[in-house]
Amino acid sequence: MLDPKLIRQDLSKVAELLKKRGMTLDVARINSLEEKRKELQVLVQQLQSERNANAKAVGQAKAQGKNVDEILHQVKDLGEKLQATESEFEQVQNALNDMLAMIPNIPHESVPEGLKEECNKEIRKWGTPKKYDFEVKDHVDLGARIGMDFPTAAKLSGARFVVLRNKLARLQRALIQFMLDIHIKEHGYQEIYVPTLVTAECLFGTGQLPKMKEDVFSVNSEQGFYLVPTSEVSVTNTIRDEILEIDQLPQKFVCYSSCFRSEAGSYGKDTRGMIRNHQFEKVEMIQISHPDKSYEVLEEMTKHAETILQRLELPYRVVALCGGDLGFCAAKTYDLEVWLPSQNCYREISSCSNTESFQARRMKARFKDKAGKIDFVHTLNGSGLAVGRTLVAILENNQDAIGRIHIPKALQPYFDGQSVIE
RNA sequence: GGAGAGAUGGCAGAGCGGUUGAAUGCGGCGGUCUUGAAAACCGCUGAGUCCUCACGGGCUCCGGGGGUUCGAAUCCCUCUCUCUCCGCCA
């Protein structure tokens with residue numbers, strides 16, 4: 001959520017800045033609602049003040065044993081008037097809040113201009129895609145022989161799921177452990193385990209609701225749970241409604257969890273394989289940062305994700321997303337894209353974003369500085385990494401002519417010291 | 001699943017229809033004292049929001065929502081969560 005004060009004071013500037021995303025703000029409607037809001041709020045508070053004064057007068061009169069009929073008569077219809085005004089005010093306020101909740105974050109000034117994917121800016125590249133003197137297979141073909149089982153997954157749950165058997169299941173688990181160990185031991189993150197079934201309130205906090213409702217699965221339960229599309233939802237919401245002491249910052253969490261996405265709106269996209277499944281595993285980094293530090297943190301966190309790819313010897317590039325490609329909450333995002341030989345291109349494997357105070361404001365996550373001044377924290381999140389896609393990348397990049405998979409050195413200790421999946 | 005108890009400021013804990021945003025204690029901050037520290041004493045110490053250039057002033061919040069009332073932390077309804085006992089269970 002943007003700062004309501006900013007919206008009030010400089011709406012045209014906000015509208016201008018949002019154009020970078022290709023977003024058009026309904027300035028006229030916001031202005032007229034805002035005007036009404038002000039008028040009604042002043043009126044409501046005036047009436048409330050009157051009511052309070054009267055009630056106090058009654059109390060005092062009674063204490064002195066005086067007759068109160070006269071005061072009571074005077075305030076007879078105040079209640080009704082107040083109630084009517086209050087409900088009108090509430091309506092306007094709700095309408096305004098609903099609009100506010102749908103406005104995306106303002107892009108950082110360093111975000112590349114442009115609305116299309118092609119406008120994303122390559123920041124750096126690491127590694128060189130291998131040359132293969134044979135026809136490369138994609139992960140589906142490679143996986144079929146060694147335990148990647150889509151037919152069975154389809155039997156269980158339908159399209160966009162996978163069953164991993166035997167060594168592939170083991171490989172996935174090794175990757176999770178490997179990533180967690182690096183982030184915990186080398187990058188200083190604290191491991192955290194969280195629920196993957198959460199309330200609507202959490203999803204509002206991290207910005208998936210109300211606008212991105214179609215992307216998340218809701219559970220048909222009494223409690224109205226949702227399945228998290230990323231553990232960012234649960235982890236970031238741990239600080240909802242909190243006022244942290246300044247020395248509690250930064251908070252660095254790493255969390256492994258399953259993630260669930262409905263992938264509505266991506267029909268026909270990546271239908272083959274395990275690039276875009278309804279359920280996938282992810283190791284997620286979250287940082288709760290001081291506002292002054294959050295852009296340093298973003299750089300640092302991106303490097304942390306890169307470390308994993310480097311250790312796994314997977315070629316990748318870092319891309320700064322352009323305005324039009326930014327997620328709803330993000331002020332700035334770096335995507336890490338890993339080389340996939342079968343597609344002959346780089347594909348997203350991690351996304352690191354600074355949401356600044358956008359999520360913090362939605363969830364009232366604040367901190368208190370030394371002087372006692374309270375302000376919103378900045379929240380950042382980054383995949384470190386998407387495990388399923390990492391598995392795909394390892395299979396495809398490390399295949400040989402006879403379809404064996406060579407395990408990267410750094411991962412071998414997590415894989416019983418084995419170097420090959422035959 | 002059954003029976004009961006509870007939810008108040010950073011924490012502990014009073015208040016159970018009127019001038020209480022809330023006694024008291026602890027903690028925290030500032031000061032006096034001290035070579036320094038401790039102790040003692042004094043003062044301050046919740047969040048949010050609206051109007052205002054400002055000075056100020058108002059409003060909201062005692063787990064969430066609704067109701068009764070001129071007036072609710074206090075009464076009623078409802079939901080959530082926590083605790084105790086019984087049952088069941090990975």
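Since the model is a prediction, treat every value here as computed from it, not as a measurement. A note on names: the letters A, B, ... follow the listed sequences, proteins ahead of strands, and every chain is numbered from 1.
Taking a cutoff of 4.0 Å between a charged side-chain nitrogen and a carboxylate oxygen, Asp325(A) and Lys121(A) do not qualify as a salt bridge. Comment: Glu39(A) does not engage Lys36(A) in a salt bridge, judged by the lack of any side-chain N to carboxylate O separation of less than 4.0 angstrom.
Closest non-hydrogen pair, Leu380(A) versus Ser289(A), comes out as CD1-CB, 3.8 Å. Closest approach of Lys20(A) to Leu115(A), counting heavy atoms only: O-CD2, 3.4 Å. Shown here for Arg29(A) and Ala95(A), the closest heavy-atom pair between the two residues is NH2-CB, 4.4 Å.
Here the separation of G21(B) from G6(B), taken at their P atoms, is 25 Å to the nearest Å. Spacing between G25(B) and G65(B) at atom P, rounded to whole Å, works out to 32 Å. C83(B) sits 23 Å from A90(B) when the C1' atoms are compared, rounded to a whole Å. Between G13(B) and A7(B), the two P atoms lie 10 Å apart (nearest whole Å). Going from the P atom of U35(B) to that of C11(B) covers 39 Å, rounded to whole Å. Taking atom C1' in both A39(B) and U34(B), one finds a spacing of 11 Å when rounded to whole Å. When the C1' atom is compared between G9(B) and G4(B), the two are found 29 Å apart, to the nearest whole Å. Spacing between C75(B) and C86(B) at atom P, rounded to whole Å, works out to 31 Å.
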Q: Could you run through nucleotides 57-72 of chain B and give me one letter per nucleotide, 5' to 3': B if any protein heavy atom sits under 4.0 Å from the base, S if only the sugar-phosphate is that close, - if neither?
A: -BSS---------BS-
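Using the six-membered ring where Trp is involved, Tyr189(A) and His187(A) have ring planes that are perpendicular, over 60° apart on the 30 and 60° scheme.
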Q) So what does the secondary structure string of RNA chain B come out as, 5' to 3', with Watson-Crick or wobble pairs under 3.5 angstrom, [ ] for crossing and | for pairs with another strand? A) ((((((((.[[[..)..(.....]]]((((((.......))))))((((((....)))))).[[[[[..)....]]]]])))))))....
Sort me out a list of protein N/O and nucleotides 51-56 of chain B N/O pairs below 3.5 Å, or just none if empty.
from   : atom 1 : to       : atom 2 : distance (Å)
C51(B) : OP1    : Arg37(A) : NH2    : 3.4

Between the protein and nucleotides 43-48 of chain B, list every N/O to N/O distance that falls short of 3.5 Å.
from   : atom 1 : to        : atom 2 : distance (Å)
A47(B) : O3'    : Arg366(A) : NH1    : 3.2
G48(B) : OP1    : Arg366(A) : NH1    : 3.2

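Arg37(A) places no side-chain N or O within 3.5 Å of a backbone atom of Val92(A) that could act as its donor or acceptor partner. One N or O on the side chain of Thr85(A) and one on the backbone of Lys81(A) form a donor-acceptor pair closer than 3.5 Å. Glu296(A) places no side-chain N or O within 3.5 Å of a backbone atom of Lys293(A) that could act as its donor or acceptor partner.
Between Glu16(A) and Lys19(A) there is a side-chain heavy-atom pair separated by less than 4.5 Å.
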Q) What's the verdict on ring-ring contact (aromatic ring centres under 6.0 Å, His included) for Phe415(A) and Phe178(A), showing C-alpha distance, side-chain angles and the deciding distance? A) CA-CA 10 Å; Phe415(A) 202 63; Phe178(A) 170 73; over 10 Å; no
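With sequence neighbours excluded, no residue forms a ring-ring contact (aromatic ring centres under 6.0 Å, His included) with Phe260(A). By the salt bridge (Lys or Arg N to Asp or Glu O under 4.0 Å) test, Lys38(A) pairs with no residue at all, sequence neighbours left out.
Using a 3.5 Å distance cut-off with no hydrogens or angles, the side chains of Asn381(A) and Ser353(A) do not pair a donor with an acceptor.
A straight line from CE of Met1(A) to C1' of U49(B) spans 13 Å, rounded to a whole angstrom.
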